[in-house]
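Accompanying notes for the structure given below.
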Amino acid sequence: MASSLPTVAIVGRPNVGKSTLMNRVLGRREAIVAEQPGVTRDRKEMPASWQGRDFTVVDTGGWLPQGSGDNASMDAKVSAQSEKSMEGADVVVMVVDSHAGITGDDEGVAGRLRGRAGPVLVAVNKVDDEAREDLIWEFIRLGLGDPFPVSALHGRGVGDLLDAVMAVLPDEPAGATDSDTESEADAGMVSVSIVGRPNAGKSTLFNRLIGDDRSVVHDQPGTTRDAIDTVVETELGPIRFVDTAGMRRRARIDQATEYYSLLRALAAVDRSDIALLVIDATVGVTHQDQRLAERIDGAGCPIVVLLNKWDLLDTEAREAIAIDIDHRLHFLGDAAVLRVSALSGKGLNRLLPELRGVIAEYRRRIPTQAVNRVLRDAQAAHPAPDGARVLYATQGAADPPTFTLFANRTLPRTYLRYLERRLREAFDLGSVPVKLRVRRRSGE
Ligand code: GDP
Ligand code: GDP
């Protein structure tokens, strides 16, 4: 996507009329209306203009799943690419269906969008005549501002919507600023994400951490447009808490499904050096917690497990959850498990010392982002044969430096040597032995 134009992404669950709206905006029938709802379509980008301004419209049709409860096939459903295009867009138009009202999936999408720093407009589609205009007010509940009534099919209201889009469209596209500058300024600052199931106590924990008198808090835009990070001054130095927008909002209308909270968590984990996995101890270790832990671990991100709401557990329950942890999170090895009450603050005094240890260990490693940047550049300069590609990499162990590369297929030995050389050069590893482990993973 080498476009230098600002981008407008059209998002929404299947069948609300995204493609129809895209056609309308483009003024031609270029986008294909999907025959079957929920069919994963490729992301489409089309040049468009309104009021003499040029921009790119992105249809993120592939982004959304048909149903949101089924985590098992999540990987198949989520197109990382469409997710990215949504995150990188300057303006997002969320389309909903006036006939259908607010569905669970709509709520999921809205929850995902509410944390965005950039503008989001809600287009209530299928308002084919004036009589239906009253239907739009229900959608205020999505928490994304006043909705716009449109009929993508007949063109009604689309002009007003586009006027509103133009009013918030920046001159420069979001991707135009060099995010490397930011990461350089922040070099050495540890990023921590707080993840876990809805209701586990993440917000309570976070607010307690920043409510501390010693901490000076400031907001920082995340590297993606929609995430607000919070930098907290601690005795360990500044720590960046990733994607905290939703956690600091006072009155949250957070009805995000587990599915979307998982997506959001994974995006946050990708940007963090350490993950705090908050588990609701009154519920126990669920499949969702397990999945999340596996993904964090797979991403090479150290984990601190917080068994929250410890205050609510009786002796029996406390014993039960210890067994639960051994059983279900055994793959985490010696990851720290803290028993805490975010509500009362009990047990949280152990968090910073624990983080200190993890950070010290982490500092001996090359940041995941840097590893990936080097590999990305190396592959761009000299791609592997037959479409083989390293999708993602982390440094697994520090001594000797061991990198785990997740690749879409087997990489030739000579190519691995090339990558090794590039890593060695980039990180001044000199003659230190470097190990590369390759794991196959189905594509992005
Ligand atoms: P998408 O999956 O969100 O891209 O939805 P489509 O653009 O494929 O539209 C889904 C269905 O809704 C199609 O049958 C469209 O003809 C219909 N549709 C789209 N916009 C409107 C509209 O403004 N009014 C009415 N009545 N139907 C519409
Ligand atoms: P989030 O969805 O993960 O951000 O969860 P919240 O922070 O909003 O917490 C969900 C609910 O659990 C709220 O009613 C909190 O007051 C409650 N809660 C959070 N932590 C604790 C705790 O340590 N003990 C008790 N008893 N309740 C807690």
Side-chain angles (χ1 to χ4, degrees), residues 10-26 29 31-41 43-44 57 59-64 66 93-100 103 105-106 109 111 115 123-129 132 135 148-158 161 194-209 243-258 260-261 264-265 276-283 288-289 292 306-313 338-348:
I10 299 180
V11 308
R13 63 178 177 82
N15 228 26
V16 290
K18 296 184 298 300
S19 303
T20 312
L21 180 62
M22 179 135 172
N23 284 328
R24 183 57 67 176
V25 171
L26 298 173
R29 300 211 56 86
I32 303 143
V33 175
E35 249 77 71
Q36 275 175 286
V39 172
T40 305
R41 289 168 287 159
R43 180 181 61 161
K44 297 187 205 72
V57 195
D59 177 353
T60 57
W63 179 45
L64 284 168
Q66 201 166 0
V93 174
M94 175 179 172
V95 185
V96 291
D97 183 341
S98 61
H99 293 225
T103 69
D105 274 344
D106 288 330
V109 179
V124 182
N125 192 30
K126 310 191 188 179
V127 179
D128 297 342
D129 53 62
R132 304 199 140 268
L135 294 173
F148 292 79
V150 299
S151 167
L153 201 59
H154 305 297
R156 205 170 173 278
V158 174
L161 174 68
I194 301 176
V195 297
R197 300 179 52 218
N199 226 36
K202 300 179 293 298
S203 311
T204 309
L205 171 72
F206 178 68
N207 283 302
R208 186 153 279 280
L209 291 176
D243 192 9
T244 46
M247 294 180 197
R248 290 187 56 192
R249 198 164 296 155
R250 279 271 157 247
R252 291 179 308 145
I253 338 163
D254 201 352
Q255 294 169 4
T257 58
E258 295 234 333
Y260 290 99
S261 79
R264 179 142 212 142
L276 303 183
L277 175 59
V278 182
I279 291 177
D280 185 339
T282 64
V283 178
Q288 176 91 348
D289 293 321
L292 195 46
L306 298 176
L307 293 179
N308 192 32
K309 309 194 188 179
W310 199 249
D311 52 299
L312 296 178
L313 269 55
L338 303 182
R339 289 144 175 84
V340 303
S341 168
L343 201 59
S344 70
K346 203 147 186 268
L348 285 179

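None of the values given here were measured: they were computed from a predicted structure. Counting starts at 1 for both ligands and their atoms, following the listed order.
Inclusion of Trp310 in the set of residues having an N or O under 3.5 Å from an N or O of ligand 2 is not warranted. Looking at ligand 1, you'll find an N or O of Asn15 within less than 3.5 Å of one of its N or O atoms. Between Pro198 and ligand 2, no pair of N/O atoms sits closer than 3.5 Å. Checked by distance only, ligand 1 and Val127 stay at 3.5 Å or farther apart across all their nitrogen or oxygen atoms. Considering backbone and side-chain atoms alike, Val340 places every N or O at 3.5 Å or more from each N or O of ligand 2. Considering backbone and side-chain N/O of Ala200, one or more are found under 3.5 Å from N/O of ligand 2. Remark: ligand 1 and Ser151 share an N or O pair separated by less than 3.5 Å (distance only, no angle test). Some N or O of Ala342 is nearer than 3.5 Å to an N or O of ligand 2, by distance alone.
The two residues Ala100 and Arg13 have their closest heavy-atom pair at CB-NH2, 3.4 Å. Taking each heavy atom of Val150 and Gly157 in turn, the nearest pair found is CG1-O, 3.6 Å.
Compare Lys309, Lys202, Lys346 by their heavy atoms: the one nearest to atom 17 (C) of ligand 2 is in Lys309. For atom 28 (C) of ligand 1, the nearest non-hydrogen atom from the set Met22, Lys126, Arg13 comes from Lys126.
A donor-acceptor contact shorter than 3.5 Å links the side chain of Arg24 to the backbone of Ala152. Distance alone, capped at 3.5 Å, places no donor-acceptor pair between the Lys346 side chain and the Asp311 backbone. Put simply, the side chain of Asn308 gets close to the backbone of Ala200: a donor and an acceptor are under 3.5 Å apart. No donor-acceptor pair closer than 3.5 Å links the side chain of Asn125 to the backbone N or O of Asp97. Not one N or O on the side chain of Lys126 forms a donor-acceptor pair closer than 3.5 Å with the backbone of Ser151. Between the side chain of Lys309 and the backbone N or O of Val340, no donor-acceptor pair lies under 3.5 Å.
Short contacts between ligand 2 and Asp311, defined as distances under 4.0 Å to a heavy atom of the residue, involve ligand atoms 22 (C), 23 (O), 24 (N), 25 (C), 26 (N). Of all the atoms in ligand 1, the ones that sit under 4.0 Å from a non-hydrogen atom of Gly17 are 1 (P), 3 (O), 5 (O), 6 (P), 7 (O), 9 (O), 19 (C). Listed by number with element, the atoms of ligand 2 under 4.0 angstrom from any heavy atom of Arg197 are 3 (O). Listed by number with element, the atoms of ligand 2 under 4.0 Å from a non-hydrogen atom of Ser341 are 22 (C), 23 (O), 24 (N). Against a heavy-atom cut-off of under 4.0 Å, Leu312 is close to the following atoms of ligand 2: 26 (N). For ligand 2, the atoms sitting less than 4.0 Å from at least one non-hydrogen atom of Gly201 are 1 (P), 3 (O), 5 (O), 6 (P), 7 (O), 9 (O), 19 (C), numbered in the order shown with element in parentheses. Against a heavy-atom cut-off of under 4.0 Å, Asn199 is close to the following atoms of ligand 2: 1 (P), 2 (O), 3 (O), 5 (O), 10 (C), 11 (C).
Donor-acceptor pairing under 3.5 Å is lacking for the side chains of Thr20 and Asn23. Under the 3.5 Å distance criterion, with hydrogens and angles disregarded, no donor-acceptor pair is assigned to the side chains of Thr103 and Asp105.
Put simply, the side chain of Val195 reaches to within 4.5 Å of the side chain of Leu292, judged on heavy atoms. Within the 4.5 Å cutoff, the side chain of Val278 has heavy atoms near those of the Leu205 side chain.
With a 4.0 Å cut-off on non-hydrogen atoms, Ser203 touches ligand 2 through its backbone as well as its side chain. Under 4.0 Å from ligand 2, heavy atoms of Thr204 appear from its side chain as well as its backbone. Counting heavy atoms closer than 4.0 Å to ligand 1, residue Leu153 contributes atoms from both its backbone and its side chain. Looking at Asn125 against ligand 1, only its side chain comes within 4.0 Å, counting heavy atoms.
Electrostatic pairing of Asp128 and Arg156 does not count as a salt bridge here, judged by no charged N lying under 4.0 Å from a carboxylate O.
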